[in-house]
Structure formats: structure tokens, C-alpha cells
Amino acid sequence: MQWWRDAVVYQVYVRSFTDSDGDGVGDLAGVRARLGYLELLGVDALWLTPFYTSPMADHGYDVADPRDVDPVFGDLAEFDTLLAEAHAHGLKVTIDLVPHHTSTDHEWFRAARDSAPGSPERERYHFRPGRGGGPPNNWRSVFGGPAWTRLSDDEWYLHLFSPDQPDLNWTNPEVWADLEKTVRFWLDRGVDGFRIDAAHAMSKPDGLPDSPAPGVGPDPRFDDDGVHEVLRMVRAVIDHFPGRVATGQICAHDDAAFARYVRTDELHIGLTRRLLEAPFEAAAVRTAIEGSFGAVAGTPAPPSWTLSDHDTPRPVTRYGGGPAGVARARAMALVQLALPGAVFLYNGEELGLPDVDLPDDVRQDPRSRLTGHTDPGRDGCRVPLPWEGGPPGFGFTAGRPWLPIPDDWADRLVADQLEDTASTLSLYRRALELRRSHPGFAGTELEWFGAPAGCLAFRRAGSTLVCALNTGDAAVPLPPGEILLVSGPLDGDLLPPDTAAWLA
Ligand code: BGC
Ligand code: MG
């Protein structure tokens, strides 16, 4: 029952998807109200971002209780209903697991803060005395600033993300036991798997050595060997529940390091950022695809593909914005959905939404706050979805959305795109339907064809689907075959720039 090997997983950023109660924040009941939409879209599974009890310093990635639902999102009964109804719609449900850190509001951290240096309460985190009046080592937080915060008693605690997200100490057996309990708790409720946040970061090297200068050696903050033991524990629990999947967010030092995360007894799927980081340039796209295959070669894992997530500017914007950005994002959607392996879509990608350039005073991402807004942060890709109607709520909320939805999204409404066969939503629906039902999508390897400069073309080996992409600036002949789908209008029988086609 390896349903996930070729699955299309749709990431629901719960806060921005649909608000059921008018408080301006998306919630679980909102997701439930849209299950019909998700079924119509044709995805196989959902990945829900964290909905656990949280003070929301990092919008839920700062978890105060991993086994309960935050009231802003609903409650456990609402979660159970959502899960049952999603299953009735034929959708699997995977959830985010955040084992690397807790919130400072977690009872463990509150106890640690109130306990003395050297106490068992502090042993669940990384507390250290400072060095020369400063932090214990030179590590930086991923969000900006030092990775250490000092308490009034002069001990410092480690946080690779924001100061509201203290890192757990994975040499402490209590920390292990608690994660095991959390994993069982949700599996018992019936979830189909997990996306493990920062799966490469849990373990820290002995002695917490300083980071070398950039480019001089491996980054000691990540990819320490000890993470594998934690992942093996999680996998061993999951293996008692047939058909469930462990996916992990992985930033490994290199391909060999990546492959270790997807060994037989670790993650089923490793998420990579290769395709997402590739510019819209055929050679770079091909390198990213080949690299993603290379990283899982010799492992049991399928490759995985993603063009967007809640941490990264949206493809339309990354590829240049405006009509060209939309055309390129549509072309890349066909490339992504032609590939064998697991595909991760991010809500709003199917609507061709761009990033929103928000004013500093509405931005909420800690990455923006902690850098004094020199880093715009990730709010631009987290603006709530425009479903129908107009401002301010656009069918997302009956109140005021937590981030403003731009007025001109009136021309990207789900309601209108469903009716318009030329819309980006219709392109995704058609592509997902073909991916599910057309026999050309068999085959788990790729064969590359020769292609003009600025273009690429591949076929699923042993099968009939051909995907051609033109990132150059002149129209080119199409490979032979019957056209199944194109991302934009053809130029006679030529494939124009910024366009992709499927042929069989
Ligand atoms: C998630 C981010 C989050 C961070 C800290 C990441 O890997 O994708 O959204 O801010 O982990 O939990
Ligand atoms: Mg709400």
C-alpha cells in the first residue's frame, strides 16, 4: 500500500485557507468546508501545517502542546470530523510534526525557565553559560540574529529559529518518549502520515562547536548523525500502522547525506528544494531534476518535487511576475506533474497567485521582525486565498483576513477559475486528471531527448508521456506525438517561449 510513491500532496497552510468563524484566521472547519473543492482539484492527500496549541510566534511552528488543537483552529473533535470527512472524499491526511523545538509557552520550557541552572528541567533543552560575556558559541538563528537568548540567571538557551522556539535536547530520553507519544497519538486518531519539520536539525554535535566561516566546512547546526536515530524511532512506530507515510523536510550537506535520511528504516520521502530553487532556465531545471533522482538513487524512496511552499516566494513571482511569470509557472506546473514520484503543491499555486508585497506594518513573520524588516519574511506567500466575491474577505472570511488580500485578486477567484477552461486552476485540474488516469504516466525513470537550446524534453521511460518545455526566446518544433495538454497557446504547431506541452 505505497500510495504515496506517486501521490500529489496538497499543502494546506491552515491559517490562510478558509476561515469558518469570521475571526480572519483560517481553521480546521474551514478546511472541512472545502473538501469538495480539493476532491474536484484531484489531489491525493493533504498536508496540514501545524494546528496545535501555540502562541503563534511562528504561526504554529512554535508548539505549546503537540497533542491538542489550538482554539483558533478548532478542537480535537473538529479534527476528528475533518479527518473522517476527508477520508470519505478519498483524501489522505498528513500532518506537520515539529519535533525540533517547542514554544517558550510549552510547560517544559516554562518549568526550565523557572528552574536553576543544572536542573533536570533545563536538561530537556540546550542551556549553557555564556562565553566571554556573549553567547556560548557563534551559531546564528535561521531567522536572523544569534541562535542564543540569555535568561536573567545568565544561562543562555539555544534556538536555531526564533527566540520563541527553544531547541529540544535529543540526548534526553524524556524528549524521545514524548515524541513517540505524539506520533502514536495522531496515528491512533487515523492520520495517514507526517511531514517532519526540520528533520535534519534535531541532533546537535557534542560540545556545540563554533560554525566555520561560510563555505569552509559543513555547518555544525544541521545534519548531525544523531538525527538518524530519532528518525528511526519515528519510523519504527509508524511501521506498526500500515499505509502511513513519513515525509521529512531535509537540508543535507550533499546527496550522500540526503540518501541516509531515506534508508529503509527512516523516512519514506525526503523533501528537496532543488526544483523550487532552479531558475526558469531549461539547463537548470534539468540539473535539478537529475539531481533529485540522483539523491534517492539506491534508496527505496521515490524522488519528490515541489515548486512552492509556505517558506518561499511563489513561482509566479520568482519567475519574473506579471503575465510572463504566470506563463512560466504554468509551464513548470506541467513539468512538475509529468515527473514520477511524489509531488507537493502549495495552496494557491493552482490559482497562479503571485507573492504580495505587503507593507512592513502588516507583516507578521518572525523572520521579518527579527531582521528589522531587512528580510521581508514569508508573509508574501501566505496571503489568504481568494475564493469568491470581493474585498476584504473574498470568501476566505466573513471578517477581516489576518493578512490583507489585494483588491486585484478579484480576477483570480476560485469561483471564476472553475468556470474558465483557460484558467490556471483548470490547467491543474486537467493535468491532475491525466496524471491519474492516462496510461502514459507509468514508468518511474526518465529518458531525456535532445532539445533545442533553452528547451528540454523527457519521456517517462518505458511509457508514452513526453513533456517538452521551452524557456528560450524563440518558438521551437514540438516533439512528435499527440498533444495531451499545453500550458499556454501554441504558435501554429510550434512550442512558444514560456510554455510546456504534454504529448503521447
Ligand atoms: C518550516 C518553517 C518554520 C521552521 C521552524 C521550517 O522548516 O517550514 O515554516 O518557520 O521550520 O519551525
Ligand atoms: Mg477562524
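Whatever order the structure lists ligands and atoms in, that order sets their numbers, starting from 1.
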Would you call Arg235 and Asp239 a salt bridge, using N to O less than 4.0 angstrom?
yes
Just checking, any donor-acceptor pair under 3.5 angstrom between side chains of His100 and Asp167?
yes
Close-range residues for ligand 1, whose non-hydrogen atoms fall below the 4.0 Å threshold:
Asp58, Tyr61, His101, Phe143, Phe161, Gln165, Arg195, Asp197, Gln249, His310, Asp311, Arg378, Arg382
Going through the checks in order, is the side-chain contact (heavy atoms from CB on, under 4.5 Å) test met by Met56 and Gln364?
CA-CA 10 Å; Met56 308 289 164; Gln364 302 193 17; over 6 Å; no
Ring pair (Phe, Tyr, Trp, His ring centres under 6.0 Å), paired with Tyr261, selected from His253, His228, His200, His268:
His228
Excluding waters, which are neither shown nor counted, protein N/O/S atoms under 2.8 Å from the Mg ion (ligand 2) come to 5
Might you work through the side-chain contact (heavy atoms from CB on, under 4.5 Å) test for Gln336 and Glu349, ending with a clear yes or no?
CA-CA 12 Å; Gln336 159 178 253; Glu349 174 182 335; 3.1 Å; yes
Kindly indicate, with the supporting measurements, whether the criterion side chain to side chain donor-acceptor pair (under 3.5 Å) is fulfilled by Asp70 and Thr53.
CA-CA 4 Å; Asp70 193 277; Thr53 315; 5.2 Å; no
Run through His310, His159, His101 and flag the one making a ring pair (Phe, Tyr, Trp, His ring centres under 6.0 Å) with Tyr61.
His310
So does Arg124 pair up with Glu174, basic N to acidic O under 4.0 Å?
yes
Could you go through Thr94 and Arg195, starting from their C-alpha distance and side-chain angles, then the distance that decides it, and tell me whether this counts as side chain to side chain donor-acceptor pair (under 3.5 Å)?
CA-CA 7 Å; Thr94 67; Arg195 175 264 189 189; over 6 Å; no
